[in-house]
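See structure below.
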Amino acid sequence: MVVTRFAPSPTGFLHIGGLRTALFNYLWARRNGGEFKLRIEDTDMSRNSAEATKAILEAFEWVRMDYDGEPVYQSDRFDLYRSYITQLLDEGKAYYCYMSKEELDRLREEQMARKERPRYDGRYRDFNGEPPKGVEPVVRIKAPLEGEIVFEDGIKGTMAISAEEVDDFIIARSDGTPTYNFVVAVDDALMGMTDVIRGDDHLYNTPKQIVVYEALGFKLPRFYHVPMILGEGGRKLSKRDGAADVMDYKRAGYLPEALLNFLVRLGWSHGDQEIFTMEEMLEHFDPSDINASASQYNPDKLLWLNSHYIKNSSNERLASLLEDFGVYLLAHDKREILLDIFKERCKTLKEMAEQITEVLQTPKEYDEKALKKAMKGEALQILAKFAEKVESAEELHLPTDYHSLMESFVEELQIGFGKIGMPLRVALIGRLGGPDLSDVMSIIGREETLKRVEKLIGYMKEKDAS
RNA sequence: GGCCCCUUCAUCUAGCGGUCCAGGAUGCAAGGUUUUCAUCCUUGUCACAGGGGUUCGAGUCCCCUAGGGGUCACCA
C-alpha cells in the first residue's frame, strides 16, 4: 500500500511548483492503487486564510486531481498534537524552555558576532530549578547531542546530517500551539504516509522531523526531495515568469492536461517521450526517476503542448470551454467548421476566442498597413465586381461553393488570386492574414459577406473624398 | 558566512564505463505546402562548466575549483 499526500499551507494561491509536487504524489499513489491525501497546514492562525484554502481546492478541481477522503485541517487537530506533546514531556523527551524571545534574539546575535552558527544552547534541557516568573515557556524536543541523523532520500541518495545542525527545536509555542515540524511528523505518521514527496526546500526539515518520529516511536516513510522549478535565467520563479498561480493558466486559456504534461516533464522523463496522457503518466511515473537537478520554467514548451492538446480536443469540449472566454458556440450552426479551423491555428483558448470573435463580428476598423497594401490599383473596382458575382451566384453554402466562385472570378478577370484575396481579406476581417477566405465566407454567409464588402467600399470612398 | 544539494545544446531532457565525432523535444533559421497568416512536412543550428586523477577506455566513477540553488525562526 502506498499512501502519499500534498500538504500546502494556505498563505496564497497554488503555484505551479506546488502543483507539480502534488502531481508527483498523486501519480505515485494512483499508480500503486494507493491513497492520495490532502492536508491543509494551517497551524499559524495569523497567516493562513480561508480564501487561500478555497483557491487551492479550486485549482485541484480544475486539473481534476482527486484526493481520497476530505482534506485534513491541522487547525482541527490541536488537541491531538497537545496530547503527544504532553506524552513527550512526561517521558522526558521534551522539556519546557523559559527563555524569552528577547533572550533568544540576544543569544543569536552573540553567536553571529562570534561567527558561530545560531543555535539554541540547550540551557533548559536538564533544568530542575525554580522557573523564572512571568515567562510563558515553550516546549522543546530533545535532539541528539552528537552523531548524525541519516536517512535515505529517493532522489538525493543517502543524507547524513550532523547532530550539530539540529538543535532542540520548539514543538509548542508559548501560547501552546504546536509548530510545523512537529505536526508534520505527527500527521504524516498518523495518516499512514509511506512516501513523502516534497520540495527540496524541506530537506533540512527532514532531520528535525525524524527526531519527532523517533521520540514518538513512529515508522519513517520514504522521502523524496524534488528540486525546485527555477524561473527564466535560473533565478527563483516569480510572477515575472508569467503566471505563477495555477488558476492564471486557466484564465490564460490553457488546458489542464497541457499544464500537467508540461509539469511532469520538468525534472522527470521517460525516454524521449514528450506527450503523456494521464494513463501514460500513471503507467510510467516513479519518483526515484526524478532528476536531482533543478529545472527551469519554459513557457514556449507549455504553449506548444497546449496547442497540441487543443488540436486533439473534441469540438464539443472546446465549445463548452470557450464559453468562459465569452464565445458561445454550443448551439451555433457553423460550430464544427469554425472549431475545425481554429483549433489548428491557436495555441490557447483565449487566442481562439479572440480569433473566432474576429470572424463572427463585422470589422469595426481596418488595419492601416493592410489597407495600404491591399487597396492599391484596381482593388476597389475588383471588390465591387466580386460583390456582384456573390450576389448573383446560385448555390452558396459550403466553403467549396465559395472557393469555386473565387476561382471562376479570377479566371474571368484574368487576375491573380492575390488581387481579390487581399482586399477581400481586409473587407471580411479588417486585416491581412487569418483563415481561408472561402471558409470565412461560408461561416458568415452570403448576406454578411456582401455587407462587409460594401462596408469597406463605402469606407474607402469616404476616405478618398476627404 | 556554516552546512547541504546541483552542473549535458538558449530551454526541457536521453545517456546508468565501450553501441555517443552525444539522441529526442521546444525555440530559432532556411526550404516546401498555402490566395495570406497559422498549421503541417523537410533540413539545419546548438551542449558533456574548468582542472586533475582512476581505467585499456569517462558525459558516465573519485577529488579540487568555479558557478547556481537550498537552509540556518515561538513561518510553513
Side-chain angles (χ1 to χ4, degrees), chain A residues 7-11 41-44 46-48 74 97 99-101 104-105 108 112 115-120 136-140 153 155-157 159-162 164-167 169-181 183-184 199-205 207 225 227-228 230 232-236 262 265-275 291-305 307 311 341-347 351 355 370 373-374 403 406-407 410 416-422 424-426 429 431-438:
Chain A
S9 57
T11 51
E41 315 237 301
D42 54 352
T43 51
D44 184 354
S46 61
R47 293 201 343 161
N48 58 58
Q74 290 184 324
C97 169
M99 236 174 138
S100 69
K101 229 175 168 169
L104 210 46
D105 287 342
R108 241 194 298 277
M112 302 246 273
K115 298 236 167 68
E116 281 171 25
R117 196 183 109 78
R119 184 179 201 280
Y120 174 64
E136 282 300 321
V138 298
V139 179
R140 291 184 179 269
D153 187 280
I155 294 169
K156 313 258 185 200
M159 295 294 305
I161 283 127
S162 163
E164 283 169 35
E165 297 291 318
V166 182
D167 60 7
F169 61 95
I170 293 170
I171 58 173
R173 302 181 183 95
S174 41
D175 66 359
T177 56
T179 59
Y180 175 76
N181 282 116
V183 298
V184 167
D200 71 359
D201 48 333
H202 287 289
L203 198 63
Y204 261 67
N205 288 146
H225 288 98
M228 331 219 69
L230 270 23
E232 281 168 285
R235 293 270 142 207
K236 215 173 165 171
F262 171 71
R265 282 286 288 100
L266 232 46
W268 178 83
S269 62
H270 181 256
D272 286 338
Q273 189 169 346
E274 295 290 347
I275 305 290
N291 287 167
S293 55
S295 37
Q296 216 166 299
Y297 174 76
N298 179 195
D300 283 330
K301 195 150 185 180
L302 208 209
L303 219 43
W304 172 71
L305 280 164
S307 67
K311 283 186 191 73
I341 291 167
F342 286 103
K343 70 191 198 185
E344 288 293 329
R345 350 179 20 100
C346 299
K347 288 182 177 358
E351 196 186 324
Q355 292 194 22
K373 197 164 176 212
H403 188 72
M406 286 180 78
E407 272 185 331
V410 296
F417 233 120
K419 287 268 188 261
I420 178 61
M422 287 207 284
L424 187 53
R425 204 164 271 291
V426 175
I429 61 170
R431 64 175 178 93
L432 296 174
D436 186 278
L437 290 171
S438 312

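Values in this document were obtained by computation on a predicted structure and should not be read as measured data. So that the names make sense, note that chain A is the first sequence line, chain B the second, and so on, each numbered from 1.
Taking the side chain of A:Arg265 as heavy atoms from C-beta on, and the options B:C12, B:C74, B:U39, the nearest nucleotide is B:C12. In this structure, the nucleotide among B:C75, B:C12, B:C4 sitting nearest to the side chain of A:Lys301 is B:C12. Residue A:Arg425 has its side chain nearest to B:U35 when only B:U35, B:U26, B:G2 are considered. For A:Phe417, counting side-chain heavy atoms from C-beta on, the closest listed nucleotide (B:U35, B:G2, B:C12) is B:U35. Among the nucleotides B:C74, B:C5, B:U39, the one closest to the side chain of A:Lys156 is B:C5. With distances taken from any side-chain atom of A:Tyr180 to the nucleotides B:C12, B:A76, B:U36, the minimum falls on B:A76. Comparing atom distances between the A:Arg173 side chain and each of B:C74, B:G2, B:C5 picks out B:C74 as nearest. Considering only the side chain of A:Glu41, B:A76 comes nearest among B:U11, B:U39, B:A76. Listed nucleotides: B:G27, B:A25, B:U11. Nearest to the side chain of A:Asp300: B:G27. Here the side chain of A:Asp272 is nearest to one of B:G24, B:C74, B:C5, namely B:G24.
For the side-chain contact (heavy atoms from CB on, under 4.5 Å) with A:Ser307, the qualifying choice from A:Lys347, A:Glu351, A:Lys343 is A:Lys347, the only one to do so.
The interatomic distance linking A:Ile341 (CD1) with B:U39 (C1') rounds to 12 Å, in whole Å. In this structure, A:Ile171 places its CD1 atom 14 Å from P of B:A76, rounding to the nearest Å. Separating the CG atom of A:Asp42 from the P atom of B:A76 is a distance of 10 Å, rounded to the nearest angstrom.
Under 4.0 angstrom from either OP1 or OP2 of B:A14 there lies at least one side-chain N or O belonging to A:Asn291. Within the 4.0 Å cut-off from OP1 or OP2 of B:A14, at least one side-chain nitrogen or oxygen of A:Ser269 is found. Not one side-chain nitrogen or oxygen of A:Thr43 sits closer than 4.0 Å to the OP1 or OP2 atom of B:C75. OP1 and OP2 of B:U39 both lie 4.0 Å or more from every side-chain N or O belonging to A:Ser307. For the OP1/OP2 pair of B:C74 and a distance below 4.0 Å, the side-chain nitrogens and oxygens of A:Arg108 include at least one atom meeting the criterion.
Across B:G59 and B:U7, the matching C1' atoms stand 12 Å from one another, rounded to whole Å. Comparing B:U26 with B:C46, their C1' atoms sit 13 Å apart, to the nearest whole Å. Here, B:U19 and B:G2 have their P atoms 41 Å apart, quoted to the whole Å.
Put simply, the side chain of A:Ile420 does not reach to within 4.5 Å of the side chain of A:Leu437, judged on heavy atoms.
The aromatic rings of A:Phe262 and A:Tyr297 sit perpendicular, their planes meeting at an angle over 60°, well past the 30° parallel limit.
A salt bridge does not link A:Arg119 to A:Glu164: none of the charged nitrogens lies less than 4.0 Å from a carboxylate oxygen.
B:A49 is paired with B:U65 under the Watson-Crick or G-U wobble criterion, all donor-acceptor distances under 3.5 Å.
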